[in-house]
Structures are given as C-alpha cells and as structure tokens.
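Below, read A as the first sequence line, B as the second, and so on, with proteins coming before strands; counting in each chain starts at 1.
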Amino acid sequence: MKIATYNVNGVNGRLPVLLRWLELAQPDIVCLQELKAPDERFPDGPIRDLGYDAAWHGQKAWNGVAILSRIGEIHETRRGLPGDTRDSHSRYIEAAVGGVLVGCLYLPNGNPRPGPKFDYKLDWFARLHAHMATLVGLDAPVVIAGDYNVMPTERDVYAPERWLDDALFAPDVRKAYARLLGQGWIDALRHLHPDATIYTFWKYLRHAFERDAGLRIDHLLLNPVAARRLTAADVDREPRRWKKTSDHAPVWIELAETPARRRRSGR
DNA sequence: ATGACATGGAGGCCATGA
C-alpha cells in the first residue's frame, strides 16, 4: 500500500500536475494540502475519473486539506483539530481507509516570528500533540502525513545557519516536533534514510530547485504498528521540474499489505 | 540573506507563503 503526501499549492491551479503525478505514481492513498479552494470548488470530478474517492476540507483562498483513496471507502473520522472551536483554518482531516487511520495536516507556517502567527503555530502544535497522543498507541496502523512546516534537524536544511530565526526552524518549533516523536512516532523518510540529504520543498526563487537549495518539511509519521509494515519511502522529485508546478514535491511510503503474521491458537 | 516566484481574491494590488 502506497501512501503519499503532497502540498499542491492550489489544487485547481495545479490540477494538470496533480493528475499527471497520480497517473505516474499510482498512490493508493494521498494527503493533499494547500487546496486554496472552498469546498464547492474542489475538483472531485477529474480526480474521480482517475479512480480516486475523496474527502476534503476546503476554505476560501487559503489552507485546505484532502484525503484521496483508490482502495476503498474513506471513513472520515475527524475534520479540524480538536481543542479550539475558534480555529477556523482548514488544516486537518482524518479518515480510516483500507485498515489504516490517516491524518492529513497543514501545520501553520508561523512567520513572522515572533508574533501572533508564530503563537498560533505553537498553539496548533500543542493541540496536535494532544491529539496524536490519543492515536499513537492504537492497535491499528496510523499515519499522520502532511506539511508540518518544520525542518526537524540541521540535516534537513540546505543552509541551516540562515534559518535559525525562521518559524520553520526556530528551536522551540524543532523541540515541538521532537516532542511528537517522543510519543513513539517514526519519521518514515528519516528512519529509512538516516544519512541522506532529503528535501521536499524548494522555493520558486533563484533557481532553488536546480541548486538543490531545499528544505525537508513534509513528513509522514507512523505509529509503531504502521512502522512495522514500512518497506520503502522516498520523495518524487520529478514533478517539481514540471511547468506550473507546486513548490513542494510529493513524498510517499510503502506499507506491506499485511504485517508479519502471528499464529493464534484456537478459533 | 531577502524575496529575483506564485497562488487566489476581488483587483487594476493585496495577503500569504517558507
């Protein structure tokens, strides 16, 4: 089972790129972020034509997240992160699909720092921490994927010294991410490629992609049950080269269809 | 090391992003 996350930076503006990548990569489950479209303008028709079911949580102009599946029904379990009824941003959607609980998130950027946007980011992180604490120990595979807007370590930034004061790399943000992992989550890409340089985002400016001046900010976190099934993980860099493309690249993992089988006596 | 891009909304630039 292939599960991917892709910040499309405008689902309608990127529709040709998204459809082309879906046909090429053939993911089973996809988490999309930055739809930048209200619910009524989500392009479910063309996506359905490729065989994907979809659940989405849109918003006018900004944010917006969706989960796609071509392996069966999407049972939505949550829309919006719990803990703050005043939070109107569409940044979280969660569903049970094909025996896996999938959370799709778009964590706030947080710039400029300091300021109210940065405070919102830390607050969102705290609420995410509380919610993920309820999921990590489930006796079912759980994958929380999306744009975390955090480079976890210096290895995940092309020029760490330039990003120290940025909301994506500030010490308290990295600590918040580390605290999440402390619950028992596995960062799938880093787990399988501990020493590799891996980026998932490159600015549009100054030929950042050609220079490989990138950031690793899109992550798939796996609970222990899911981690036992992890067989592969990587970044699809190719779509980042295409015309009218997102500034992010798709990131994916492969989970073995069935975990190591355990014999049970009786019945 | 900021913004040389790029999005979408209601414009004829603005807010936002990372």
For A:Trp252, run the side-chain hydrogen bond (donor to acceptor under 3.5 Å, both in side chains) check against A:Thr5, A:Asp236, A:Asp234 and tell me which one passes.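 Of the listed options, the one satisfying the test is A:Asp236.
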After noting the C-alpha distance and the side-chain angles of A:Phe169 and A:Trp163, does the key distance pass the ring-ring contact (aromatic ring centres under 6.0 Å, His included) rule? CA-CA 6 Å; A:Phe169 196 56; A:Trp163 288 84; 7.9 Å; no
Give the C-alpha distance, both sets of side-chain angles, the deciding distance and a yes or no for ring-ring contact (aromatic ring centres under 6.0 Å, His included) between A:His89 and A:Tyr106. CA-CA 10 Å; A:His89 293 200; A:Tyr106 175 45; 9.1 Å; no
Of all of residues 173-181 of chain A, which get a heavy atom below 4.0 angstrom from DNA chain B, listed by number?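 Residues of residues 173-181 of chain A that come under 4.0 Å of DNA chain B do not exist, since none gets that close.
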More than 12 non-hydrogen atoms from neighbouring residues, nucleotides or ligands closer than 6.0 Å to CD on A:Glu238, yes or no?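 Atom CD in A:Glu238 is packed in, count exceeds 12.
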In sequence, state the C-alpha distance, the side-chain angles, and the governing distance for A:Asp87 and A:Tyr120, and then conclude on side-chain hydrogen bond (donor to acceptor under 3.5 Å, both in side chains). CA-CA 10 Å; A:Asp87 185 0; A:Tyr120 173 62; 2.8 Å; yes
In terms of side-chain geometry, is the basic nitrogen of A:Arg79 or A:Glu76 positioned less than 4.0 Å from the acidic oxygen of its partner?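 Counted as a salt bridge, because a side-chain N and a carboxylate O are separated by less than 4.0 Å.
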Using a strict cut-off of less than 4.0 Å between a Lys/Arg side-chain nitrogen and an Asp/Glu carboxylate oxygen, indicate whether A:Asp53 and A:Arg48 qualify as a salt bridge.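 Yes.
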Walk along nucleotides 8-18 of chain B from 5' to 3' and tag each nucleotide B, S or - by protein heavy-atom contact under 4.0 Å, base first, then sugar-phosphate. SSS-----SSB
Ring-plane angle category for A:His219 and A:Tyr177, please: parallel below 30°, perpendicular beyond 60°, tilted otherwise.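 Rings of A:His219 and A:Tyr177: tilted, 30 to 60°.
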For B:dA6 versus B:dA18, give the span between their P atoms, rounded off to a whole number of Å.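 After rounding to an integer number of Å, I get 16 Å for this pair.
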Between B:dT2 and B:dG12, how far apart are the C1' atoms? Round to whole Å, please.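 Straight-line distance between the two C1' atoms is 27 Å.
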Whole-Å gap separating [atom2] ([N]) and [atom1] ([X]):
X: A:Arg162; N: B:dG3; atom1: CZ; atom2: C1'; value: 13 Å
X: A:Arg240; N: B:dC5; atom1: CZ; atom2: P; value: 13 Å
X: A:Asp165; N: B:dG3; atom1: CG; atom2: P; value: 16 Å
X: A:Lys244; N: B:dC5; atom1: NZ; atom2: P; value: 14 Å

